[in-house]
Each structure stands twice: as C-alpha cells, then as structure tokens.
Amino acid sequence: MAKVSVTVNGEKYDVPDVEPRMLLSDFLRDRLGLTGTHVGCEHGVCGACTVLVNGDSARSCLMLAVQTNGAEIVTVEGLGSPEELNELQAQFREHHGLQCGFCTPGMVMTGEDLLRKYPLATDEDIREGLSGNLCRCTGYQNIVAAIRSAAARRTEKAS
Amino acid sequence: MSSDRRVNPSEVLRPRNVGAPVKRTEDARLLAGNGEYTADRKPDRPLHLAFLRSSQPHARIVRIGTAAAQEAPGVVAVLTAEDIADDFKPVIPFSRMPNYYATPILPLASKKVRYVGEAVVAVVATSRYLAEDALELIDVEYQPLGAISRGETAIAEGAPLLHEEAGSNILIAREFKKGDVAADLKAAAVRVGGRFEMTRKAPLAMEPRSYAVEYEKRRDAITLYTSSNIPGIVRDAVSESLGLPGHRLRVVAPDVGGSFGSKGSLYPEELLICIAARKLRRSVKWTADRLEDMSSSSQAFAEIVDAQMGFDANGIATSLQADVIGDVGAFSIYPWTCGLEPVQVVSFLPGPYKIGSYRGAVRGVATCKPPTGPYRGVGRPISTFVTERLMDLGAAALGIDPLEIRRRNLVRAEEFPYRIASGIIWDKTGFIECLDAAAEAAGYDRLRKEQAEARKAGRLFGVGVACYAELTGIGSRIAVAPGMPINTGSETAKITIDSTGAITAAFGVASHGQGLETTLAQIIADDLGARFEDVRVIQGDSDEVPMSTGTYASRSAVLGGGAAKHASRLLQEKIKRVASHLLEANADDIEVTEGNAVVLGTDRTVNFKQIAKAVYSDMKTLPVDAREELSATYTYDPINGTTAAATHIAAVEVDPATCFVRILKFVVAEDCGRLINPMIVDGQVHGGVAQGIGAALFEELIYDEDGQLLTASLVDYMIPSAPEVPSLDVVHVESESAVAGGFRGMGEGGTIGAPAAIANAIADALSPLGIDVSILPMTPERIFRLMEQARLNSIGKADE
Ligand code: FES
Ligand code: FES
C-alpha cells in the first residue's frame, strides 16, 4: 500500500492506503467519491475518463493513482456547479451538446484543454481536437457548436 | 443553411412550451458531474461482482473448480449454476408466434456454454480488484461440442445443435405473403435483385451495462439500480423469477448513459446480482468492462437477404420477394424473443411503397454468439438498405432518376391509411413531402450537376437517396415484438400537487438520453397550466407507478406524452373546481395558466400554493366534499400507434487511393408530427444518423470460425468520432398525427435511413466502375477489393 497526496479541485487529500495498481479513475471515483469522472472503456480510447493533471488533459483510466502523487488534478466537478456552470459547460447546455451525459465530463475536460491551448479557428480544428473522445448520442455536431461558441467568447473577452 | 428550418409548421393554440427549444432540465447536473449513473451509487460497504466468462463457443461444462477462489483474499462467495439452482425460476421469452422455440434465460450457464463471453461463475468479493484476482484461480473443464459460427452453417446438414431440445438450430421461421409474387416477377418489365448483407454490430452505449442492488435488512427488500431502459419489465421479470412481490423489489433506472437497445432486455447478470444480494444479505455492485459489454450485451442486425424486385415499364414496383437468414446468436432475449430483429426485416421490407405482391420469408438461426436484440431501428436499417438498393437498381435499369422512381412508388397523401403488402398500416404521413423537402434542401439538381463535373474530372462522386417509414408509439393492438404476451401498449402518468404546491409527475418511461424530464414537463406545463420550471418529472422508478415498461421502440413521446396530456387535463379540472370555490366563480370561467387559476377577464386569481393550502391544510375555506386530492393518474393507450417517415440524401466521394468514403453532404427531411422540442428532435436525428454512418462505413463485429470475437475493443470496433461525422441539415415536415398531441416517435429514424442513403451514394459513386454495393459496412478494405476486382474484370474484358 502506498500513500497518495494530491490536490483535486483545489482540495488537498492524503490517502494512506492506496494499492499501487489502483487506477486513477477508480481512485477518484471510489476513494474520493468524485463520480463525475466516467469510465467508458478502461483502455484509453473513449476519453470519458479525461481529467486535467497538472494542467494537461489525461486519461485517468491509463494512469495509476500513485503516479499522481504531488499532482494537481481537476475533474469536471472542479469546473462549475449545477447552479453556476462554467463558460464551456454553459455552452454545452445552450447548444444541446449532451444527451445521455455519459461522455460529457470527458468532452468538457478535453474542451477545456483545447480552449486553453489552441486557437480552434475552424470546425475541423475542433473536430480534430475531439477525435480522442467518443460520443454515441449526439453525432458531435452540437458539441462542436458548444466549443466553437466558447472559443468565440474567449476571443471576445481577450480583445 | 439553417439546421432548424420547418416546412408547414402546424397551427398550435397558444403553445408556451411545446414546440419551443426549451433548454434541458437534465443538463445542469450532468454537466457539473452531479448526475447519478448506476455505477455512481454508493451503498453502505457494497460487495463487488466479477464474472468468469466462457472461453469456449460451444462446450459441455465437465467440472468447475472453485476451491482456490473461495480462499482468495476478500472473496465472500463463489457462485456457479449449481449453487443458485433453488433461488430462481428461469425466465422464458414466450411468444404466440408459430415455429418459435423459446430458449430460457438463466443467471449463469448450466451444463453447457453456447458463446464466448457467457457468464459461467460469479465471484463476490470486497472489491472488484480482488474479485477479478479470484477469477484467475477458477478452473473450468470443458468438453468442446463444435462451434457454429455463421447463420448459413447453422442450417447445414449435420451441424451440431445449440439447443438439443429445440431439435433444430432454426429458432424462428415466418413467412409473409400477399398476391402472386412469382407470376408478377415473371411478368415484370425489369427484375432486379441480389444478395444483401448487414453485418453484426454492437449498439455500444458509452456507459457499459451496470447494476447495483441495495439490500434493506429492515424489510428484507432489495432495490435494483440498473442501467436499463426497461426497468418496469425488469421489475416484473425479476419478481416472477425470484418470487419477490413488487413491494419488496424496487427497480430504478437512474441516469442511464445511452442504450440504443443494448440495455433494453432482461440480462442474466440482473438476475444473478439480485440472487447474490438476497443470499448474502448485502448490497452488491457490478459494472461491465468494455470487453464484457461488447461480448455479452445484445448485438444487432446480422442478416443476409436474398431479394428480387419487379418493375413495370413505367418504373412502378409490382412485386418483391425476399428470403432472410438472421444469425440470432445463442439465445432468445426477454421479453422480445429472437424474432424481434429478423422478423421485423420482412415486416418492413415493402417500406413506404405501394408494392403489389410480396413474399418475405425469414429464418432466425442459433449460432455461438451473444443474442441479437433491439438496436436503434430494429430490422428497418436492413430492410431499408435492401429495398432502397433495389429501387436504385430498378431506376438504373429503366433509366429513371432515383428521386423520380421513388415519387412514383411512394404512398401519396390521398391514399392513407395504406396497408402495405406485409400487412402494416401507415397512417397519414408526409412521405412525398419528405422526399420533396429533402431534395430541395440538398439542392438535388445542383448535386447532379456537380456530379457530372466531378465525373468528367475522374472523381468518384455519388448521390444517394433513401426513404423509409416506421411504426412508432405502438399501442395495445400491435405487439412490439411478434406474439409477445406482455403489454407494451400503454403508459401511465401520475401528476400530483402536494401540500407545498409543488408539482411532481411520475412516469414509467425511462429516458437514457432523450431528455424526457424536459419534454414531458413541457407538455404538462402547457396542458396543466403550470410554469415549466415548476414541474418535476420522475421516471424509470417502478415504485412510482403501478405498472410500466420503459422507453424503447420510439414510444415515449407518444405514450408518455399522451398520458401526460390526459392526466394534466384531469388535474386541471380539479384545480378549476377548487378555484371556483375560492374565487366564487363558475369553473368554466376559470383559466389555469402559469401556475395560477384566473377568472377570465378579471384580476381575481389564486396560485397553486394557495389552492394546495385550501385543499390540504386550511380546513376552513372549502366544504369537505370539495377537498379532492390534487392528483390525477391516466394510462394512455394509442391502440394502433402512428407512422413516422423521412427521406435521407447523402453526397459522398470515394478516394480512389485510400478507398475512404467522405460524406460531403447529408440531409434529412423527416416527419415526426408535432415537435415537442425541436432542439431535442434535431439532436436525436444527428445521433441516429451518426450511428447510421457507423453502420454504413465502419462498424462490424467479427467472429472467427471458432466463435471468438476479433473486434472486442474500441480500437478494433470503430464507432464514428467527430472528424468522421459531417454537419447535417435537418428539415422537419410537421404533419399532425392522430394520436394525443399529434406527436410521432422519432428516436430511431436516423439510424434507419442513413445506411441506405450512404450505400446508394457509394454505389452511385462507383457505378462508372460497374461496382455494386450489397454489404455494409463499406469499409476501405471492402471498397479496395471491389475496385481491384473491377480493375481485373476490365483487364479481362480488354483482353477478350
Ligand atoms: S475510460 Fe479512459 S479512455 Fe475510456
Ligand atoms: S451524450 Fe451520450 S455518449 Fe455523448
């Protein structure tokens, strides 16, 4: 058993008895109770489990909890609350970018990462950026619209 | 072009919510990670299940050694079929269909295994990690009985029998007939035909199947949280199987991460987890990993269709005949039976067309694969693929444009209700209107010009059209699955205003992404006269209504919506009666709107809270007999159901170097009657079409000759990702239907039309090379082979 000290959504956790083989996704969900992070494949393809680790998007099903010792993690719960969604979450609602909501946490976390790092000038850029996240419900069109609109607002604010 | 254009918007009397793109109630919680899917439940010290699944396609179980696993760390119990034999009755998917053999559903394989992935042993441990560790210690000795890997080999002489008691691998056989097909085909000016195939697919909801049973000691009761879209059916089946009355067995479908059919049948694991929780008197959880989900959830399609269509010289389709073999897998599913998918193919083959004579024969045969079950569209994606290919082949043979040949054969406005040759009756729907609207939105003539230009430049550019019609919102007169004994024809709404004035509406339907919490609240807000945001919808909970089934077969808007309308009206009448006392006015002069009862033309008004207070707590204002509980229940049955229809048009280009198909344009013109929420309808169409694109271009579950699944990960089983799906253009033709509210079901249509439209577009693109499209998906590899073959053929011809 190992001790894992992490900061998740601004809160510090010291968990003393973590099995070295425990996946980060299971750690977040079962040990910290943060079930907003979803597991759709456990083999790194669907992207549902995407979180930010030290500012970069990462698949929590492909990481071990012990690897994140000392790291700063953000999950979908850390972005906004149901009463006060953050900008990107609000655009997902506005544009109907979710149906069953299962892929959504991963989509939103990937979207956050894309918005922070890339200009996202065209829909092709957005679609390319989302290519590692699978959604079976929406056909992606409205997810792309949500991110496009969040990107436009970001540009507006910057200018 | 706007994606929300509407043709002929219907006249609606002051709708406030129905018809508006109301933002969804569900979204805030789901976006903030506050949703609650089954795997998110946190019961007190739950145990965890893991299954040892069969590695054999077809084998006798000689011995199961579990001693070492029993001793493994954290293990609480190891269960085999023998250990639970006295704890349940098998669930039998009965049907009154002739020529049908019902295979029983068992929680764990008993005596024999019939497909790779079938659950054989269950380990219950204190964590999933430890339960999976213990699986490694179990040793099962099998005696192989010979794999049956394909439908055609299953019916071959001397094939091993999967279910000896059935006496045959043919589990279902049906034939539909009208007129003298043989004579009409013979007399036809043109006959076209071929062998068509739609390969096996996975519905692949992003949330894998998941179950959690919470055990309540005080009442010796269990609650099964299940990622199911038929919680009502599951409740009744588990109750019967385990001998548990409904008041000690609650079944809840909380937030569910998509189904598309894969969560629409009773599963062995649902029985097993309930049995384990009762045996151990503990809460138990299980969630499939992706491999388990792909190799044990119900699968889709898997049919081969030999079909011919005859046309007269004017392009009128006179006759159609088809022989279908459905590879239904190892078992029937509950409650739909193994007939659901293949029988539906022959039921719907004539499609929206007035074809004179018809013969459709189908055999569903058992193979060593997971059962096929409902998948978005059920049967119709294939029937539409076949019929639409035949229409295009006929058009080509007669030199008629594909659009025109359809116009000549579609049922016209004045001909409804129309009984097609398989016996299905279409009620009035905008078949031709959809065709015209799609052609206009796609710029059909322009596309043909573009195609001519492209061809001159040597590019492989094609345009494909597909029309279909489907039955939705089916009432009690028609069984959703043929001969099925359970009632799927009604749904209940129970609307209550409690003593705080809060409005709660309970339904038996079970949304798994469709947004029913929003759309049903829209209907109630309008018909009750409440504010949308004040209506809370509860669904998917067996404790909330006495009987229910769930959400499937494009029924919830029609049945749930109809129940909501009627219950709203009943409750509104009660409100008016109370208000008439309080406002000293005639009930007929009172209007209920936005949560207030108002005397028409005055400013005298009481709100729901005041009305609730008068009824429930303030005993001075109302006479005793006027204190009616503010609650109304209505069970709605549309009796027959209603038709929905669409035309899809696709333009594609095939890259001759990579053999990839690029979709340049995709248009859907659909008639789902009155739109409750256009934003949600568009979303359903987008998602359905994306799945249709997957079926047309990428998705295929491949089993080898030994019954092993070769595509068991998301790397090998490719569903479309964002770059593969184009932006769609959706046009709504709102012709009102006859059911309550004028709604039609529309959740499945996208997946029905898209594969056929894309198949036709690819065939059109490749027609200069003389290539036909008769199997889906058209993967780059298949296209490459066809192009290679065409090249060799042309060399051969040149040599002659
Ligand atoms: S669960 Fe991590 S990528 Fe699918
Ligand atoms: S919204 Fe259901 S998988 Fe994306």
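Chain letters run A, B, ... following the sequence lines, proteins first and then strands; every chain starts at 1.
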Trainee: Please rank B/H512, B/R29, B/Q691, B/R24 by heavy-atom pairs under 4.5 Å with chain A and give me the top one.
Mentor: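 Result: the option with the highest number of such pairs is B/R24.
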Trainee: Taking only Lys NZ, Arg NE, NH1 and NH2, and the carboxylate oxygens of Asp or Glu, determine whether A/D56 and A/R116 approach each other closer than 4.0 Å.
Mentor: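 Salt bridge between A/D56 and A/R116, a charged N being under 4.0 Å from a carboxylate O: no.
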Trainee: So do the side chains of B/E292 and B/F51 get within less than 4.5 Å of each other, counting heavy atoms only?
Mentor: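 Yes, side chains in contact.
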Trainee: Could you state the interatomic distance from OG (A/S25) to NE2 (A/H38), rounded to the nearest 0.5 Å?
Mentor: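 Rounded to the nearest 0.5 Å, the OG-NE2 separation comes out at 12.0 Å.
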Trainee: Is any side-chain heavy atom of B/S721 closer than 4.5 Å to a side-chain heavy atom of A/Y140?
Mentor: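 Sidechains of A/Y140 and B/S721: in contact.
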Trainee: Are there residues of residues 81-99 of chain A that reach to under 4.5 Å of chain B by heavy atoms, and which ones?
Mentor: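 A/S81, A/P82, A/L85, A/Q89, A/F92, A/R93, A/E94, A/H96, A/L98, A/Q99, listed by number.
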Trainee: With a sphere of 6.0 Å drawn around CD of A/E19, does it hold more than 12 non-hydrogen atoms of other residues, nucleotides or ligands?
Mentor: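 Counting neighbours around CD of A/E19, more than 12 heavy atoms of other residues, nucleotides or ligands fall under 6.0 Å, so yes.
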Trainee: For B/T551 and B/N229, does a side-chain donor sit closer than 3.5 Å to a side-chain acceptor?
Mentor: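 Result is no, nothing qualifies.
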Trainee: Applying a criterion of heavy atom separation less than 4.5 Å, what residues of residues 101-109 of chain A form contacts with chain B?
Mentor: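 A/G101, A/F102, A/T104, A/V108 fall under the 4.5 Å cut-off.
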Trainee: With the threshold set at 4.0 Å, does a side-chain nitrogen-carboxylate oxygen contact exist between B/R662 and B/E724?
Mentor: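 A salt bridge is absent here (no side-chain N lies under 4.0 Å from a carboxylate O).
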Trainee: Which atoms of A/V39 come close to chain B, meaning under 4.5 Å heavy atom to heavy atom: side chain ones, backbone ones, both, or neither?
Mentor: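 Backbone only.
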Trainee: Between B/K285 (side chain only) and B/R41 (backbone N and O only), is there a donor and an acceptor less than 3.5 Å apart?
Mentor: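 Here the side-chain-to-backbone pair exists.
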Trainee: So, the side chain of B/T519 versus the backbone of B/G515: is there a donor-acceptor pair under 3.5 Å, distance only?
Mentor: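 Present.
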Trainee: On the six-membered ring of B/F260, is B/R376 placed so that its NZ or CZ lies under 6.0 angstrom from the centre and within 45° of the ring axis?
Mentor: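 Negative - B/R376 is either too far from the ring of B/F260 or too far off its axis.
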